[in-house]
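Heads up: the structure comes next, in structure tokens.
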Amino acid sequence: MHHHVATIKTNLIIFGLLMLLLVATVGAAELPLGPLNFPVAMLIAATKTVLIIFYFMHLTGTDKLTKTIVGTMFLWLVLMILMIMMDYLSRDWLQILGK
Amino acid sequence: MWNFPLLPEQASTVAPHVDLLYFFQVGVSLFFSVLIFATILYFTYHYREGSNIDRSRPIAQSLLLETTWMGIPFVFGMIMFFWGAALFYVDYEAPPGALDVSVVAKQWMWYIQHSQGRAEINELHVPLGQPVKLTMTSQDVIHSFYIPAFRVKQDVLPGRYTSLWFEPTKVGRYHLFCAEYCGTNHSAMGGWVEVMEPADYERWLAEGGTGPSMAQEGEKLFVQHHCAGCHRGSQTVHAPRLEGVFGKSVPIQEGKDVHFVTADVTYIRDSILRPKSQVVAGFEPLMPSFEGQISEPDLLRIIAYIKSIAGEETPQ
Amino acid sequence: MSTTVLDQTAAAGHKPPKPHRETYLDAWTVKSWLLTTDHKRIGILYLISITVFFLIGGVAATTMRLELMTPKGDLLSSPDAYNRMFTLHGVAMIFFFLVPSIPATLGNFLLPLMIGARDLAFPIINLMSWYMYMIGGSIAIAIILFGGIDTGWTFYTPFSTMFSNTLVVPAAFAVFFAGFSSIFTGFNFIVTVHTMRAPGMTWFRLPLFIWAHYATSLIMILGTPVLAIAVMLIAVERLLRVGIFDPALGGDPILFQHLFWFYSHPAVYIMVLPGMGVISEIVPCFSRRPIFGYRFIAYSSIALAILGFIVWGHHLFVSGQSMYAGLVFSFLSFLVAVPSAIKVFNWTATMHKGAIRFDTPMLYAIGFIGLFTVGGLTGIMLSTLAVDVHLHDTYFVVAHFHYVMVGGAVLAYLGGLHFWWPKITGRMYPEMFGKLSALAVFIGFNFTFFPQFILGYLGMPRRYFEYAPEFQVLNVMSTAGASVLAFGYGLPLIYFLWSLRKPPSAPANPWQATGLEWQTESPPPTHNFEFTPKVEKAPYSYSPVAVEGFDGYGDHGSH
Amino acid sequence: MDTATMGHTDAAAGSALIPLLSHQFDDVEQQSYSSILGMWIFLATEVMFFGGLLTSFGIYRYLHPHEFALASHNLYMWWGFVNTIVLLTSSLTMALAVRASQLGRRTELVRLLLATMVLGTCFLGVKAIEYTTDYHEHLIPGLNFEVPEHQLGEVVERGLDPRMMQMFFVLYFFMTMLHAIHLIIGIGMLGVMAYLAHINWFSGGGAVQIEVGGLYWHFIDIVWVFLFPLLYLISGK
Ligand code: HEA
Ligand code: HEA
Ligand code: CUA
Ligand SMILES: [Cu+2]
């Protein structure tokens, strides 16, 4: 329960990193990466999320249970997106109308 | 009225296969249900309170038993899965040369047209022993085309084509139902499938008068909607000839890249409704959209026409 | 829960109840009920509210069954009336009765008691959950009064958004609120189980009822929000006429089906897992021996919660979903059979070498095991691709889900109510009538729904106001069965109420059960325990015949 | 942490430094842990709540990439950019507020909470400006949606589906409004906390309450961290 109190310096460093990543997202969007644009953007957003969760939300200082909860919630989100996507991606793989 | 059938008629090639699997499953289910019922009855009788019986060393856990009764259902499950999946595959792959019939659903009727041109409502006449392939769409909500005697069913969606095929094996009259709830008269949205001897079927087709076939009607529409103006060697517009297009691979320009798409009914439908979403390589995106201007049955007729000229050489 | 404690309570049970013992039922002002934060009282509030919805759903069912006596529509004035009837039946039974049934009543009441806590972690949120339910429920009742809704409980688009001209938007809100009440319950349970267990109550000493509720809660918090958003999208599309799911406006109706079933398949485990928890309490108690394979049952609850999330596509085999997705979903559905099998077989094995008593709860529990097995196995048939093509949207599906939901979940709920009625109210119910009701429900149920399997295979589609004449015999059988079923349900309703007329006299532990909840008085005091319970043994240490060699479930390390 | 091992002690004798203990808990430790755990679990629900929308957005964007890209170009990227900075800064002030509460620095805490609220309000202000522009540019589905004139040519030329551009805006408004509602709730919550901290209401200094509030605030921020690239940065070249 008693995590050690994060220093102002840590907070500022994280904030700085977040700003850098923000600039990076906008920059990456301008690069002609083609189909890679989207995954790159999501990767950067995920990195920002990790920074916020671990440092601003103090996940580093908590127990395994809380970490499991956080892991599970993102896993479930990804699971939902991927499994619904599965249907759309595999439509028309077979040359059978409507399958 | 007081007859008491346990099975619907088996009137298509897949019906006996589905029934066989079903009976296998009924058998397995009976086995497990009886096993559990009987065991419970035996235990409750044998070990009822007060009965004078040996109760020493009851087991509280057993890894061996647990794995056994995890393993056995798993194995049965896999058998059922593969069996069902294999049949499903067959269920959906229409054999080549199947008779084309198009189906348009709307609240609360089925509009059916045979490629030879005869149209009918809430009835479907098909010849015995001949695979039939339905191309289906809906004008409003989701419906579902269901013939219990054939063990086939497929949802019919607005804005999209789905398909269904079967090969009738028994002359007779079978129920046609709408199986997806679609509003007020959902339960009345059905009719009959009439399986006829091929000769009767020919006669039935002819009865409708020697009207134009679907493709011929489609050709008329092709001219009416001015498709012909561009697609039959226009002087002013450079448009692809549509002879020999159906079923082929078509090069599609996507920015600087070209990729290939098979020209099936969905592709032709999209080409007519949203032509610029898929522009054929080497052509300008000049074709206007016909969204909202051609009814679903007419679209199917035009497609039938384009399909009918699939075998012709593209004149250059 | 050492044997010494057990003896203590057994002794307490035979003492005449102390005259002025304070119980949670003492205060009777309206305010004391509507503003209560006591989990036991909230459980009672829920009990009353869901009974109302069960009756509403039951009346709708009765009307439908009467209508279906003849092939032509003749009882109800129009197909629309019938369509509203089954929608009302489905919505009331699923969202307002079965989803909250066991968790919000028995779960609310028992969860803190069973783990030795004074209340749930967030009592105010628990009360809010009931209010959410009541807001949703009031909207639902208003909908009934102002014309109903005719989309079916599945709200399929584009019918629900663009074609139905009934009260779809209010219904979306009703479901939304009911959903959040369920989320609040689940969230409360999870935190409570994690943080508020009594000293010595390790995870593997938790009653299986708690494991089942924990698994249920996981589904509630992870699945329900998706339903909430799906119905909100329906409301938006309908109100603003902007395209989301309607193909005419560029949408994809199958996306709605995915979002809906992403919740609604896991939701069937919300409905049945708590019931499985109840059965896991009843069977060892009335077999007088430890439950067989405690750990496997516990883990299988979690497995069901997880696997339940990845099989939803088996509702979409003929919907126009891709065939590959169908294959994957079918495959995964078969895996669900494994954890379900574990439970069924372990309950059965628990009766081995027991000393079985046949009190009402046990009769209901035995009924559950049998009917759930039949329901589950027919579910397996439905998840087989080629077979489902024929069976989808026929009465076979209707029969399947009534076997699991009525034969399964409702029987477990009734069994649980009988089991804990003395604890909840301090009164015993009349045992004779109890047995009669269990019997009537079992027989009536099978008569109602078994013919529907046959009807389904014969090809009778569901949601049909009129049907082909050759289906009549089976339909009449089904209606006849339903009247026996209604009788069976009517009995407990009457004798439970009747049992309330006398002052409490039930002993603390009428069944000589081992759970912590039986160590406190019946009805329990406001703060649940007069003492801080200490747990020293595995649950279900029943040993009337001295179970030799039994010392827990391999939990040696944590002693 | 397993509370089963923490032991049920009788509630410690009341002391000004010890937070109020609700009757259902044995000790403060258990109560704080439950609150924080509860907020995390609630956030799991929130993730799935927004998740349903993200999934729909993802599917439609996959099915209609060009329309979504074109529609997205009507948003002013720099407003979104500025708003991201504002919200990330508010996360910083929130984190510092939590720190202040842990150290028991009350005035600093109140100031930081107020700063967080101000930043949150700025975000809403910018959003309001954006919404007004959208209104003037006829981009609001169900109200006045039209494909902007300067894009009409491209839409016609490339045969794009205007309905799908509208779909983008349906989801855009749904997601950003849902986000804004969360933000408004968050600002209200911080307001109450700032007031309570100001009047020294929190018996234990409020560290736990502020921490729980902070979790919620950071979550809102995370949602935006995803919404910004998803909505504003679709490159459709
Ligand atoms: C409590 C509710 C509940 C439960 C527990 C279940 C459990 C299961 N359900 Fe059911 N189902 C519903 C409620 C429920 N269902 C509802 C409401 C609908 C219809 C919704 C609508 O459209 O309105 C439905 C519809 C439905 C369908 C869609 C049918 C269609 O519309 O076409 C399918 C298809 O796969 C299915 C499958 C299953 C499976 C595989 C299980 C499994 O979990 C069952 C597992 C259990 C067992 C298998 C029994 C025990 C095991 C043994 C005894 C071992 C032996 C086993 C083998 C050899 C395999 N269900
Ligand atoms: C928890 C869930 C639940 C429960 C308990 C029930 C209970 C019953 N259901 Fe229900 N049913 C559903 C969930 C449930 N159902 C769902 C989800 C659907 C799908 C809806 C849709 O398609 O959208 C459905 C659909 C459905 C249909 C198909 C309708 C159609 O597709 O056209 C039928 C038809 O027979 C039916 C019948 C019954 C009957 C006879 C009962 C009986 O068990 C009910 C008996 C209860 C009572 C009668 C009330 C209590 C009794 C008394 C107080 C005694 C006194 C009363 C009298 C004498 C009348 N149900
Ligand atoms: Cu058409 Cu049901
Ligand atoms: Cu399911």
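Residue numbers start from 1 in every chain, and the chains themselves are labelled A, B, ... in the order their sequence lines are given, proteins ahead of strands.
Contacts of T348(C) with chain B are made by both backbone and side-chain atoms, with heavy-atom separations under 4.5 Å. Looking at F296(C), the atoms closer than 4.5 Å to chain B (heavy atoms on both sides) all sit in the side chain, from C-beta outward. Looking at L7(B), the atoms closer than 4.5 Å to chain C (heavy atoms on both sides) sit in the backbone and in the side chain alike. Contacts of V26(B) with chain C are made by both backbone and side-chain atoms, with heavy-atom separations under 4.5 Å. For chain B, the nearby part of F334(C) is the side chain; its heavy atoms alone come within less than 4.5 Å. With a 4.5 angstrom heavy-atom cutoff, Y156(C) touches chain B only via side-chain atoms. With a 4.5 angstrom heavy-atom cutoff, F396(C) touches chain B only via side-chain atoms. Within the 4.5 angstrom heavy-atom criterion, only side-chain atoms of E66(B), from C-beta onward, approach chain C. Contacts of L164(B) with chain C are absent, with no heavy-atom separation under 4.5 Å from either backbone or side chain. Only the backbone of T151(C) comes within contact range of chain B, with at least one heavy atom under 4.5 Å from a heavy atom of that chain. In this structure, chain C has a heavy atom under 4.5 Å from the side chain of H175(B), while its backbone stays farther away. Proximity to chain B (any heavy atom under 4.5 Å) is shown, for F465(C), by both the backbone and the side chain. Heavy atoms closer than 4.5 Å to chain C are found in both the backbone and the side chain of Y22(B). If you measure heavy-atom distances from Y89(B) to chain C, the contacts under 4.5 Å come from both the backbone and the side chain. For chain C, no part of I147(B) is nearby; none of its heavy atoms comes within less than 4.5 Å. There is no contact between S333(C) and chain B, counting heavy-atom distances below 4.5 Å. If you measure heavy-atom distances from F177(B) to chain C, the contacts under 4.5 Å come from both the backbone and the side chain. For I254(C), the part sitting under 4.5 Å from any heavy atom of chain B is the side chain, from C-beta outward, and nothing else. With a 4.5 Å cut-off on non-hydrogen atoms, E180(B) touches chain C through its backbone and its side chain both.
R48(B) places no side-chain N or O within donor-acceptor distance of the main-chain N or O of A355(C), the cut-off being under 3.5 Å.
Within 6.0 Å of CZ in F74(B) there are 12 or fewer heavy atoms belonging to other residues, nucleotides or ligands. Around the CZ atom of F450(C), the shell of radius 6.0 Å holds no more than 12 heavy atoms that belong to other residues, nucleotides or ligands.
Checked for salt-bridge contact, K153(B) and D393(C) miss the test: no charged N lies under 4.0 Å from a carboxylate O. Looking at E291(B) and R274(B), no side-chain N of the basic residue comes within less than 4.0 Å of a carboxylate O on the acidic one, giving no salt bridge.
The candidate from P247(C), A349(C), G354(C) with the greatest count of non-hydrogen atom pairs under 4.5 Å with chain B is G354(C). Ranked by heavy-atom pairs under 4.5 Å with chain B, the list G326(C), G459(C), P253(C) is led by G459(C). Contact count against chain B (heavy-atom pairs under 4.5 Å) is highest for N346(C) among I366(C), N346(C), T394(C). For the set I72(B), V18(B), V14(B), V28(B), the entry with the most heavy-atom pairs within less than 4.5 Å of chain C is V18(B). Here Y457(C) is the residue among Y457(C), Y467(C), F317(C) with the most heavy-atom pairs under 4.5 Å with chain B.
If you look at H352(C) and F292(C), their ring centroids are not closer than 6.0 Å. In summary, the aromatic rings of Y82(C) and F86(C) are positioned with their centroids under 6.0 Å apart. You'll find the ring centres of F358(C) and F286(C) outside the 6.0 Å limit. The six-membered or imidazole ring of H314(C) lies away from that of F329(C), with a centre-to-centre distance of 6.0 Å or more.
Remark: the T87(C) side chain and the D150(C) side chain contain no N/O donor-acceptor pair separated by less than 3.5 Å.
Using cut-offs of 30° and 60° on the angle between ring planes, the pair F150(B) and F166(B) is tilted.
By a heavy-atom distance cut of under 4.5 Å, D140(B), V141(B), I142(B) are the residues of residues 135-145 of chain B near chain C, going up by number.
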Side-chain donor-acceptor contacts of residues 367-385 of chain C below 3.5 Å, not counting sequence neighbours, with atom names and distances?
residue : atom : partner : partner atom : Å
T373(C) : OG1  : I369(C) : O            : 2.6
T378(C) : OG1  : V374(C) : O            : 3.0
T378(C) : OG1  : G375(C) : O            : 2.7
T378(C) : OG1  : H400(C) : ND1          : 3.4
S383(C) : OG   : G379(C) : O            : 3.3
S383(C) : OG   : I380(C) : O            : 2.9
T384(C) : OG1  : Q25(B)  : NE2          : 2.7
T384(C) : OG1  : I380(C) : O            : 3.0
T384(C) : OG1  : M381(C) : O            : 3.4

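When all heavy atoms of C182(B) and W108(B) are compared, the closest pair comes out as O-NE1, 3.0 Å. Between R173(B) and W192(B) the shortest heavy-atom distance is NH2-CD1, 3.0 Å. The shortest non-hydrogen separation linking A105(B) to V156(B) is CB-CG1, 4.0 Å. Nearest approach of T162(B) to D155(B), heavy atoms of both residues: OG1-O, 2.9 Å. Residues P158(C) and D246(C) come closest through the heavy atom pair CB-OD1, 3.6 Å.
Cation-pi geometry between R295(C) and F204(C) is satisfied (NZ or CZ under 6.0 Å from the ring centre, within 45° of the ring normal).
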